[in-house]
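Right, one structure below, let's go through it.
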Amino acid sequence: MNIGLFTETYYPEINGVANSVYMLKEELERMGHNAYVFTTTTPGAPKAERNVFRVRSIPCAFLTERRVGMFYSPKLAHLIKRLHLDVIHTHTEFSLGIFGRIMARELGIPVVHTYHTIYEDYTHYIAHFKALDRRAKAFVRVYSRFCCNTAERVIVPTQKVRQLLCGYRVSRNIDVIPTGIDLDKFRRETYNEEEVERIRESLGIGKNEKVLLYIGRVSQEKNIAEILDGYAQYAGMHEDVRFVMIGSGPELEKLEEQAEKLGITDRVIFAGARPWDEIGKYYLLGDVFVSASQSETQGLTYIEAMAAGLPVVAKKDPCLDDVLRDGVNGYTFTNREEFLLALDHVLYSGRQEEYAKNSLEAVKRYSRESFARSVLALYQDLKEEADTVKAAGENEQMPQSLGPIYFHSFEEVRSGIHGSRKRKSG
């Protein structure tokens with residue numbers, strides 16, 4: 001098959017969407033298919049990339065570490081028409097996603113859309129007042145519905161997101177396909193102990209010190225402040241425990257100030273971002289992975305941590321229902337008392353080997369191969385449907401199950417939203 005993957009973020013950027021698309025492309029190619037990525041220009045991107053095409057982009061006004069590409073590139077559109085794509089898979093609701101839908105309409109092929117991000121958890125970046133935030137969240141719900149309903153099939157990583165989209169009144173079939181990871185990249189056996197020990201020394205971690213580890217974006221929706229507050233109390237009871245935070249983001253300065261106020265600056269290590277190609281070895285610094293985020297669609301960092309043999313202590317969230325089992329490979333918590341108790345269990349119960357074994361067992365089904373096979377099966381189903389339509393001589397107008405796939409202008413989107421509101425109020 002020939003597959004077009006449209007995404008606003010891609011390697012070498014470090015985030016769940018970029019990693020997911022990168023892995024999917026590699027696995028599809030390994031299975032003998034042609035996967036073409038259409039994405040944004042990114043500082044630090046390799047000069048030579050096989051079947052990766054980049055459109056001009058600028059930093060997003062609200063999330064400057066993210067980029068937004070052009071809505072349409074005539075030159076690239078001409079190239080796409082020569083690739084004989086069978087399906088287009090969009091991984092963004094914005095410019096590149098719109099571009100993908102335009103091309104799908106022009107080519108008469110189906111669109112698959114993966115809903116990666118719960119945007120309601122990010123509206124605080126653009127709406128600083130409650131009244132505006134409520135309106136922003138309402139718009140997000142409506143816009144998300146339209147983006148999903150203008151694809152033939154929708155992929156989500158967990159039941160949590162499926163239920164969310166059902167609440168948005170998405171009418172398309174929604175397939176739950178957890179994003180996979182490269183399990184080998186995080187296994188302890190992949191790295192030598194001396195290399196990991198050198199990193200510990202460079203960060204100032206003592207030989208016998210235990211490490212609470214967070215890896216990920218340092219932003220408000222990740223709720224790291226709650227972890228810091230809890231750790232401040234825990235550090236007062238356990239002098240041999242450090243908190244190591246790997247990542248960067250808009251909340252970093254605030255958290256450094258918070259650590260200073262709590263008097264734990266010498267116990268918290270803000271290690272900054274690390275290259276994605278090397279991130280696997282940094283998980284091996286930890287004795288337990290911690291998070292209080294409530295904004296995850298799947299929580300890939302939790303799965304990566306388990307692939308490294310770490311127990312996870314995370315704030316209770318539906319996205320964890322299928323992967324984190326209390327007392328088996330970690331614990332969920334809802335308050336400070338449960339957080340501290342969970343840390344005691346994983347750090348001082350003498351069950352470290354048991355937790356590690358159970359964590360490794362829990363993530364076996366999240367292999368990148370399994371992920372790609374499931375997505376490919378969906379593509380093949382859609383291609384068969386499209387071929388059937390063409391064979392019946394109905395390809396000039398796609399049936400209702402295969403369209404509409406694109407709004408011609410923002411006015412059509414806006415009128416569609418207003419119409420939706422009227423139907424709801426009626």
Subject >> Separation of Glu93 CD from Cys148 SG (nearest 0.5 Å) >> reply: 6.5 Å
Subject >> Side-chain ion pair, Lys210 and Asp287, N-O less than 4.0 Å >> reply: no
Original post:
Would Tyr234 and Asp344 count as having a side-chain donor-acceptor pair, cut-off 3.5 Å?
Top reply: yes
**OP:** Rounded to the nearest 0.5 Å, what's the gap from CG on Leu378 to CZ on Arg153? Could you check?
**Re:** 4.0 Å
Original post:
Residues two or more places apart in sequence or in another chain: which of them pass ring-ring contact (aromatic ring centres under 6.0 Å, His included) with Tyr282?
Top reply: none
Original post:
Looking just at side-chain N and O atoms, do Asp229 and Gln258 make a donor-acceptor pair shorter than 3.5 Å?
Top reply: yes
Original post:
What distance separates Leu164 CG from Thr297 OG1, expressed to the nearest 0.5 Å?
Top reply: 10.5 Å
**OP:** In plain terms, say whether Arg373 and Glu369 are close enough for a salt bridge, that is, a side-chain N and a carboxylate O under 4.0 Å apart.
**Re:** no
Original post:
Angle class for the Phe94/Tyr143 ring planes (parallel below 30°, perpendicular above 60°, tilted otherwise)?
Top reply: parallel
**OP:** Indicate yes or no: does Lys137 engage Glu120 in a salt bridge with an N to O separation below 4.0 Å.
**Re:** no
**OP:** Only pairs at least two apart or in different chains count here, so list each side-chain hydrogen bond (donor to acceptor under 3.5 Å, both in side chains) that has a residue in residues 309-320.
**Re:** Lys160-Asp317, Glu226-Lys315
Original post:
Does the pair Glu251/Arg217 count as a salt bridge with the N-to-O cut at 4.0 Å?
Top reply: no
Subject >> Pairwise distance CZ(Phe99) to OG1(Thr90) - rounded to 0.5 angstrom >> reply: 13.0 Å
Original post:
Does a side-chain heavy-atom distance below 4.5 Å link Leu376 with Met31?
Top reply: yes
Original post:
Listed by chain and number, what are the side-chain hydrogen bond (donor to acceptor under 3.5 Å, both in side chains) partners of Gln380, not counting sequence neighbours?
Top reply: none
**OP:** Using the salt bridge (charged side-chain N to carboxylate O under 4.0 Å, His left out) rule, collect all pairs that involve residues 74-90, keeping only residues at least two apart or in two chains.
**Re:** Lys81-Glu106
Original post:
Salt bridge check: are Asp184 and Arg187 linked by an N-O gap of less than 4.0 Å?
Top reply: yes
**OP:** Please determine if Lys357 and Glu354 form a salt bridge, counting it only when a charged side-chain N lies under 4.0 Å from a carboxylate O.
**Re:** no
Subject >> Under the side chain to side chain contact (heavy atoms under 4.5 Å, CB included) test, residues paired with Ser374 that sit two or more places apart >> reply: Ile177
Subject >> Counterpart residues, side chain to side chain contact (heavy atoms under 4.5 Å, CB included), relative to Gln298 (two or more places apart) >> reply: Pro157, Thr158, Pro178, Thr179, Leu300, Ile303, Tyr366
**OP:** Can you sort out the partners of Thr332 under side-chain hydrogen bond (donor to acceptor under 3.5 Å, both in side chains), two or more places apart, ordered by chain and number?
**Re:** Asp326
Original post:
About how many Å separate CG of Leu284 and CD of Glu189, when rounded to the nearest 0.5 Å?
Top reply: 9.5 Å
Subject >> Within residues 274-285 or reaching into it, pairs that qualify as salt bridge (charged side-chain N to carboxylate O under 4.0 Å, His left out) - sequence neighbours excluded >> reply: Glu195-Lys281
**OP:** List for me each residue that meets salt bridge (charged side-chain N to carboxylate O under 4.0 Å, His left out) alongside Arg54, sequence neighbours excluded, and say none if there are none.
**Re:** Glu49
Original post:
How would you list, by chain and number, every residue that makes a side chain to side chain contact (heavy atoms under 4.5 Å, CB included) with Ala305, sequence neighbours excluded?
Top reply: Tyr283, Phe289, Leu310, Val312
Subject >> Any donor-acceptor N or O pair under 3.5 Å, side chains Asn223, Ser293 >> reply: no
Original post:
Is it true that His113 and His89 have ring centroids separated by less than 6.0 Å?
Top reply: no
Subject >> Those residues that, when tested against Asp381, pass salt bridge (charged side-chain N to carboxylate O under 4.0 Å, His left out) (two or more places apart) >> reply: none
Original post:
Any side-chain donor paired with an acceptor under 3.5 Å for Glu221 and Ser295?
Top reply: no
Subject >> Ion pair check, Lys222 and Glu296, cut-off under 4.0 Å >> reply: yes
Original post:
Quick one: ring-ring contact (aromatic ring centres under 6.0 Å, His included) partners of Tyr36, sequence neighbours excluded?
Top reply: none
Subject >> Passing option when Thr7 is tested against Leu96, Thr114, Val17, Thr40 for side-chain contact (heavy atoms from CB on, under 4.5 Å) >> reply: Val17
Subject >> Under 3.5 Å side-chain donor-acceptor pair for Ser291 and Tyr214 >> reply: no
**OP:** List the steps and the verdict of side-chain hydrogen bond (donor to acceptor under 3.5 Å, both in side chains) for Asn15 and Thr9.
**Re:** CA-CA 8 Å; Asn15 60 70; Thr9 177; 2.8 Å; yes
Original post:
Cationic tip of Arg351 within the cone over Tyr355's six-membered ring, i.e. under 6.0 Å and within 45° of the normal?
Top reply: yes
